[in-house]
Number of protein chains: 2
Amino acid sequence: MLNDPMVLTPIAGAPRAEPEKRVRDRGATEKAILKAAKALLAEEGFQNFGINAVARRAGCDKQLIYRYYGGLNGLVEAIGADLGTWVKDKIPEDTGGMFLLTYGDLMERLSLLFLEALRDDPLVRRIVAWEVSENTEQVRRLSEARSKALATWLERMRGSLTPPKGVDVVAVNAILIAAIQHLVLSASAGGQCAGLALKTAKDWDKAATALKRIVRGVYG
Amino acid sequence: MLNDPMVLTPIAGAPRAEPEKRVRDRGATEKAILKAAKALLAEEGFQNFGINAVARRAGCDKQLIYRYYGGLNGLVEAIGADLGTWVKDKIPEDTGGMFLLTYGDLMERLSLLFLEALRDDPLVRRIVAWEVSENTEQVRRLSEARSKALATWLERMRGSLTPPKGVDVVAVNAILIAAIQHLVLSASAGGQCAGLALKTAKDWDKAATALKRIVRGVYG
DNA sequence: CCGATTTGTCACTCATCGGTGAGTAACAAC
DNA sequence: GTTGTTACTCACCGATGAGTGACAAATCGG
């Protein structure tokens with residue numbers, strides 16, 4: 001009932017003004033799309049994250065996103081795949097010349113490392129914000145990938161150190177991680193958290209000191 | 001299914017199929033709008049929060065929202081006004097028969113109260129999620145109202161108890177609040193936080209115990 | 001060289017959004 | 001009644017969202 005396919009098409013060879021020599025390379029285009037999606041998510045957040053925006057940013061047609069990734073879901077999944085290696089990439093393995101003798105030593109260091117890493121990764125920050133704001137399949141995938149990576153990282157860093165007896169380490173660590181994540185998100189969104197300013201380096205020093213004190217309090 | 005632009009409605013006085021006895025009462029309408037907005041925000045989150053949705057839910061025309069509240073901003077502001085009394089309404093004043101001898105006693109109790117209160121207030125939960133996801137004028141207003149109310153509440157509950165020397169209470173408390181908020185948000189969105197399940201009452205008991213331990217650790 | 005497939009572009013539908021101008025229905029005072 | 005004000009509804013606008021089918025052009029297999 002709509003356009004008759006045979007009718008239109010005036011003259012096919014319409015002269016394109018400036019046909020920029022665009023190389024046809026599927027692999028490169030796929031990478032460009034993924035890169036654009038990550039950058040967009042990092043800069044704009046999940047609010048304005050959509051097919052059109054990604055296509056615009058990637059400088060290609062949105063149709064290609066459907067073709068190559070099967071839509072937004074697939075694209076998000078591809079982002080999630082990268083996320084698996086986040087901690088590995090972002091957080092140094094070595095102990096910075098310190099001797100980590102106790103579990104408390106370890107967790108103090110890891111807390112600060114995690115805080116740092118999160119603080120300068122806008123993409124992951126946005127994803128965390130997304131995680132606590134929505135509960136769609138997309139987000140669940142991202143969240144799962146992230147938390148799994150985090151857990152294995154924590155486990156690997158623990159090494160042979162044994163946590164103190166009688167403490168629910170999983171629960172305590174979850175709370176510590178929650179605190180760090182929310183602190184960074186709050187700061188990123190409004191520059192403060194529960195009355196604590198979080199803008200200058202000095203502000204962050206105070207936060208880090210308080211965090212250390214808390215970790216030390218619970219893990220000795 | 002809605003209006004077809006081609007169908008001519010002869011006279012604007014379109015026949016309402018059901019002559020719902022709609023009372024003309026500006027005050028009531030305003031309240032209905034506000035109520036609809038809060039319910040919508042609580043249930044759907046800020047994602048689908050807009051003029052059209054609120055009007056639809058309130059069962060009135062969106063024009064009235066512009067007229068009575070000056071648009072979404074004004075409406076959000078009205079919601080924020082209610083938020084000022086949140087803690088007062090939600091959290092009991094009395095100490096539950098306990099003697100709060102130390103600052104640690106107090107903060108342990110307040111932490112748990114805050115956790116509880118946040119856990120069963122979907123509206124405030126959504127607002128907190130909003131706070132960490134966006135940075136618009138709207139959200140800033142809400143955030144400010146909430147954090148101010150929280151601060152004065154904390155101050156008032158402190159009474160004559162003096163916090164331990166040498167501890168940056170503002171920073172430490174901010175981190176505790178951050179932890180609680182993120183914990184509840186995570187649970188609400190995905191039923192878990194950093195590998196810690198947060199669904200059953202038992203799960204929450206574990207979280208509460210861990211939280212108590214942390215508070216005790218830092219405040220003795 | 002030719003035909004088929006891949007790669008990319010365009011044009012379109014349909015839905016919904018925020019926002020506005022213009023109109024109608026109830027009600028009170030005269 | 002008539003008039004004026006208040007409360008409310010409707011129809012439309014431009015913009016933008018996701019999604020789809022058709023087609024041009026580059027590339028490849030032969």
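Letters go in sequence order (proteins before strands), and every chain restarts at 1.
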Interface residues of residues 41-52 of chain A with DNA chain D (non-hydrogen, below 4.0 angstrom): A:G50, A:I51, A:N52

Under 3.5 Å, side-chain donor or acceptor atoms of residues 40-55 of chain B against the rest of the protein: list the pairs with distances, not counting sequence neighbours.
residue	atom	partner	partner atom	Å
B:E43	OE1	B:R57	NH1	3.0
B:E43	OE1	B:R57	NH2	3.4
B:E43	OE2	B:R57	NH2	3.1
B:N52	OD1	B:K62	NZ	3.0

Validation row: B:E131, A:L185 side chains within 4.5 angstrom (heavy atoms):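 The answer is no, as the side chains (C-beta and beyond) never meet within the 4.5 Å cut-off.
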
Grab the [atom1]-[atom2] distance between [X] and [N] for me, whole Å please.
X: A:I33; N: C:dT9; atom1: CD1; atom2: P; value: 10 Å
X: B:Q63; N: C:dG21; atom1: CD; atom2: C1'; value: 9 Å
X: B:R56; N: C:dG19; atom1: CZ; atom2: P; value: 15 Å
X: A:L40; N: D:dG17; atom1: CG; atom2: P; value: 11 Å
X: B:D61; N: C:dT24; atom1: CG; atom2: P; value: 16 Å
X: B:L72; N: C:dG19; atom1: CG; atom2: P; value: 7 Å
X: A:I65; N: C:dT9; atom1: CD1; atom2: P; value: 12 Å

Stem list, DNA chain C (Watson-Crick or G-U pairing under 3.5 Å, at least 3 consecutive pairs):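 DNA chain C forms these stems: C:1-30 with D:1-30.
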
Of all pairs that satisfy side-chain hydrogen bond (donor to acceptor under 3.5 Å, both in side chains), the ones with a partner from residues 187-196 of chain A, not counting sequence neighbours: A:R125-A:S188

Can you name the residues that form a side-chain hydrogen bond (donor to acceptor under 3.5 Å, both in side chains) with [X], not counting sequence neighbours?
X: B:R213; result: none
X: B:D205; result: none
X: B:S133; result: A:S133

Enumerate, atom names and distances included, each donor-acceptor pair closer than 3.5 Å involving a side-chain atom of residues 193-203 of chain B, sequence neighbours excluded.
residue	atom	partner	partner atom	Å
B:T200	OG1	B:K202	N	3.3
B:T200	OG1	B:D203	N	3.0
B:T200	OG1	B:D203	OD1	3.4
B:T200	OG1	B:D203	OD2	3.2
B:D203	OD2	B:K199	N	2.9
B:D203	OD2	B:T200	N	3.0

Residue mapping more 5' on DNA chain D - nearest nucleotide basis, B:K62 or A:K62: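 Closest to the 5' end, via its nearest nucleotide, is B:K62.
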
Pair A:E30 + A:R26: basic N to acidic O under 4.0 Å: yes

Identify each atom pair where a protein N or O and an N or O of nucleotides 3-7 of chain D are less than 3.5 Å apart, giving names and distance.
residue	atom	partner	partner atom	Å
D:dA7	OP2	B:R26	NH1	3.4
D:dA7	O4'	B:R24	NH1	3.3
D:dA7	N3	B:R24	NH1	3.3
D:dA7	N3	B:R24	NH2	3.2

With A:R56 via salt bridge (charged side-chain N to carboxylate O under 4.0 Å, His left out) - residues at least two apart: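 Result, salt bridge (charged side-chain N to carboxylate O under 4.0 Å, His left out) vs A:R56: none returned.
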
Which pairs would a plain distance check flag for residues 70-88 of chain B, meaning a side-chain donor or acceptor within less than 3.5 Å of a matching protein atom at least two apart in sequence or in another chain?
residue	atom	partner	partner atom	Å
B:N73	OD1	B:Q138	NE2	2.6
B:E77	OE1	B:R141	NH1	2.6
B:D82	OD2	B:K38	NZ	2.8
B:T85	OG1	B:D82	O	3.1
B:T85	OG1	B:D89	OD2	3.1
B:W86	NE1	B:D121	OD2	2.7

N or O in side chain of B:Y66 less than 4.0 angstrom from C:dG19 OP1/OP2: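 It does, given that an N or O in the side chain of B:Y66 lies less than 4.0 Å from OP1 or OP2 of C:dG19.
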
Considering only distance and modelled atom types, tabulate donor-acceptor pairs under 3.5 Å from the side chains of residues 171-182 of chain B, sequence neighbours left out.
residue	atom	partner	partner atom	Å
B:N173	OD1	B:Y219	OH	2.9
B:N173	ND2	B:Y103	OH	3.1
B:N173	ND2	B:V169	O	3.3
B:Q181	OE1	A:H182	NE2	2.7
B:H182	NE2	A:Q181	OE1	2.7

